[in-house]
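In what follows, a structure is listed as structure tokens, so that the remarks can point back to it.
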Amino acid sequence: MSSTGEELYKQREQRFNDIVALRRPDRVPIVPHVIHYFATKVKGISNRDAGYDHKLHYDAIKEATIRFGWDFTPTNGMFAADGYEALGTTQLRWPGGDLADDASFQFVEGEYMKADEYDEFLADPNGFTLTRIFPRIAGNLEGLGQVPFPPLYWLANTYYLMNVGGPLLAAPPVRKALESLLAMSDAVAGYFAADAANAQEMAALGYPRTWGAPIIPAFDMVSDMFRSLRGSTLDMYRHPEQLLKTIDLVQQGQIALAMMVMQVTGNPRVFIPMHRGAGGFMSDEQFETFYWPSFKGLVMAIIEAGGVPSPLFEGDYTPRLKYLAEFPAGKVAGHFDKVDRKVFKEVLGDKMCFWGNVPVSILCTGTPRQVKDDVKELVDLFGDTGALMLDSGLGVPDEARPENMLALREAADEFGVF
Amino acid sequence: MPSELTEAIVGMREDEALAIVKRELDAGTDPAAVLEDAKEAMSVLGKRFECGDAFIPELIMGGEIMKGIAAEVAPHLKAATSATTRGSVVIGTVAGDIHDIGKDIVVLMLDVNGYDVHDLGVDVPVEKFVAAIREVQPRIVGLSGLLTLAFDSMKATVDGIAAAGLRDQVKIMVGGAPADAQVQSYTGADGWGNDVGQALRLAEQWTGGGA
């Protein structure tokens, strides 16, 4: 007797929740964390078209979810290329922008805030973002840095708003920036319409979506988005107090955003992309000072709000597992890239489910036999509790071989039914 | 015995290190010797990194202190010292990938460890690697990448080097976060690494510097 979409959806949600809560499930599901170009690539659609034609991309994700037998439909990790174009962003490069049609979009890390600008940012984060950061990340917003903006409160009455604000907004560079922001908003509206239609369609077919939205840990926000790896690293030595104050400020925003996205998306699972906290990126002492407190705070805030924090631990987190043991048992859906799975089992086996960790390299360049052997090893290791969900270390790799993704499904059926 | 300068750099005491350099230069110490002490510090940091006792921040900060010291010392150097190198390295991020953070750290550490490093930058086409190998005649080639599309670019680069008849002259390492033995075998490279420690170890092995 086949189940309806609604029943399947409930079963899959329940299975996920059981595994996170360390209750033994009936079988091991495949839960692909995130997807970029894989679904369109296997259909012969260019990366350029995948970025601009949102419905085309979401339809391909639907097809891939069904064809490769995933239990959840992965969240789309790509954003609207027409939005990038409207902004003239220089912080990203993408196929259809200045990259070839089959290249992947890529983030351009830079010191979008300089080392000597911490105090200016901390004194007026909104003004700094508007007049310093925006012009640095997008060509069409450069005008915002060319006009002397007064503090907004100077305009806090109708007379000043009209007599000062009116001419200010008429300045051509400001007008261009505002029009560009509105064009970006229109592009994003088209993207979100396709996104919402896909979520609804997939739910009706019985597939929950993996997570609702990403929230970046505070240190990574400062390091990835403001200061770059090099800048944030030097700041640990040269400007530690300002770095910590900025992390504290950003942290408030990240927690508020996490609450907001859970409400807006209706999805309790919050993706936390983890970058600089990995082993090798800093010492334990630096991790304890600059990274762990705000990351832990974010995770705990999501748990307290009834959500499921879903950090994707990119890189090798084996040296950090001892910290993760501080989280309450059965509350975090930790997804791992290159961690030592045996050490994980020892350190966290009774505290956290194990998700991911099938090597990206095997899925992209290996054989179905290798995929199956790897899944068997995972089931052998975690089968006693069943606290296991299958995925590559980083979601669905763009270059995964289709036969290997099919082998993942076959292996789950062959070894993962309890 | 590490010098006072070496200790200051290894201890990440930037102001102290620069003050020592100024004092030594004022006292007439051979500028080349000052620079050698600073390089020794980077070498110590590299070894500590390999053992898991130092991390990326120390390497980046160490590199930054080195830069400051080099700027202080430069006007005092009478002529370019013809330092003996441990061998040439041609390195770059492969076609289609523009990530450079990991590669830049490897370039820095190979450089301060005495290798003559030719950095071709990012998104480097196969032909550019081949041309650089012809020109530089390196012992080592480093192919870097972060994205999964880099696997095929790395393989195409190794194949291109072979097609140009240059494969036997060079040892090739593939590096970056997703690199592993599987990627090495797929691309036909001679070694792989996820971090600068592995890159340094391979370079040492391939230039006869021990394990």
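Note that the structure is predicted; figures quoted are calculated from it, not measured. Naming: A, B, ... by sequence-line order, numbering from 1 per chain. All values below come from the heavy atoms of this structure, side chains included, with hydrogens, waters and symmetry mates left out.
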Against chain B, label A/Met282 side chain, backbone, both or neither, depending on which of its atoms sit under 4.5 Å from a heavy atom there. both

Most contact-rich option vs chain A, by heavy-atom pairs under 4.5 angstrom, among B/Ala181, B/Gly96, B/Pro57, is B/Pro57

Check the surroundings of atom CD in A/Glu241: do more than 12 heavy atoms from other residues, nucleotides or ligands lie under 6.0 Å from it? no

Search all heavy atoms of B/Phe55 against all heavy atoms of A/Phe281 and return the closest pair with its distance. CB-C, 4.3 Å

For B/Ile101, is it the side chain, the backbone, both, or neither that has a heavy atom closer than 4.5 Å to a heavy atom of chain A? side chain

Under 6.0 Å from the NZ atom of A/Lys372, do we count more than 12 heavy atoms belonging to anything else shown? yes

Give every donor-acceptor pair between chain A and chain B closer than 3.5 Å, one pair per line, or write none.
{"from": "A/Gln106", "atom 1": "OE1", "to": "B/Ile98", "atom 2": "N", "distance (Å)": "2.8"}
{"from": "A/Gln106", "atom 1": "NE2", "to": "B/Gly96", "atom 2": "O", "distance (Å)": "2.8"}
{"from": "A/Arg230", "atom 1": "NH2", "to": "B/Glu64", "atom 2": "OE1", "distance (Å)": "2.9"}
{"from": "A/Arg230", "atom 1": "NH2", "to": "B/Glu64", "atom 2": "OE2", "distance (Å)": "3.0"}
{"from": "A/Arg238", "atom 1": "NE", "to": "B/Glu14", "atom 2": "OE1", "distance (Å)": "2.9"}
{"from": "A/Arg238", "atom 1": "NE", "to": "B/Glu14", "atom 2": "OE2", "distance (Å)": "3.4"}
{"from": "A/Arg238", "atom 1": "NH2", "to": "B/Glu14", "atom 2": "OE2", "distance (Å)": "2.4"}
{"from": "A/Gly280", "atom 1": "O", "to": "B/Ile56", "atom 2": "N", "distance (Å)": "3.0"}
{"from": "A/Lys338", "atom 1": "NZ", "to": "B/Ala177", "atom 2": "O", "distance (Å)": "2.5"}
{"from": "A/Lys338", "atom 1": "NZ", "to": "B/Ala179", "atom 2": "O", "distance (Å)": "3.0"}
{"from": "A/Ser361", "atom 1": "OG", "to": "B/Asp180", "atom 2": "OD1", "distance (Å)": "3.1"}
{"from": "A/Ser361", "atom 1": "OG", "to": "B/Asp180", "atom 2": "OD2", "distance (Å)": "2.4"}
{"from": "A/Thr365", "atom 1": "O", "to": "B/Gln182", "atom 2": "NE2", "distance (Å)": "3.4"}
{"from": "A/Thr365", "atom 1": "OG1", "to": "B/Gln182", "atom 2": "NE2", "distance (Å)": "3.0"}
{"from": "A/Gln370", "atom 1": "NE2", "to": "B/Gln182", "atom 2": "OE1", "distance (Å)": "2.7"}
{"from": "A/Glu399", "atom 1": "OE1", "to": "B/Thr148", "atom 2": "OG1", "distance (Å)": "2.5"}
{"from": "A/Glu399", "atom 1": "OE1", "to": "B/Leu149", "atom 2": "N", "distance (Å)": "3.1"}

With a 4.5 angstrom heavy-atom cut-off, which part of B/Ala179 approaches chain A: side chain, backbone, both or neither? backbone

Using non-hydrogen atoms only, which part of B/Ile60 is less than 4.5 Å away from chain A: side chain, backbone, both, or neither? both

Under a 4.5 Å cutoff for heavy-atom pairs, which residue among A/Ala103, A/Cys364, A/Gly280 has the most contacts with chain B? A/Gly280

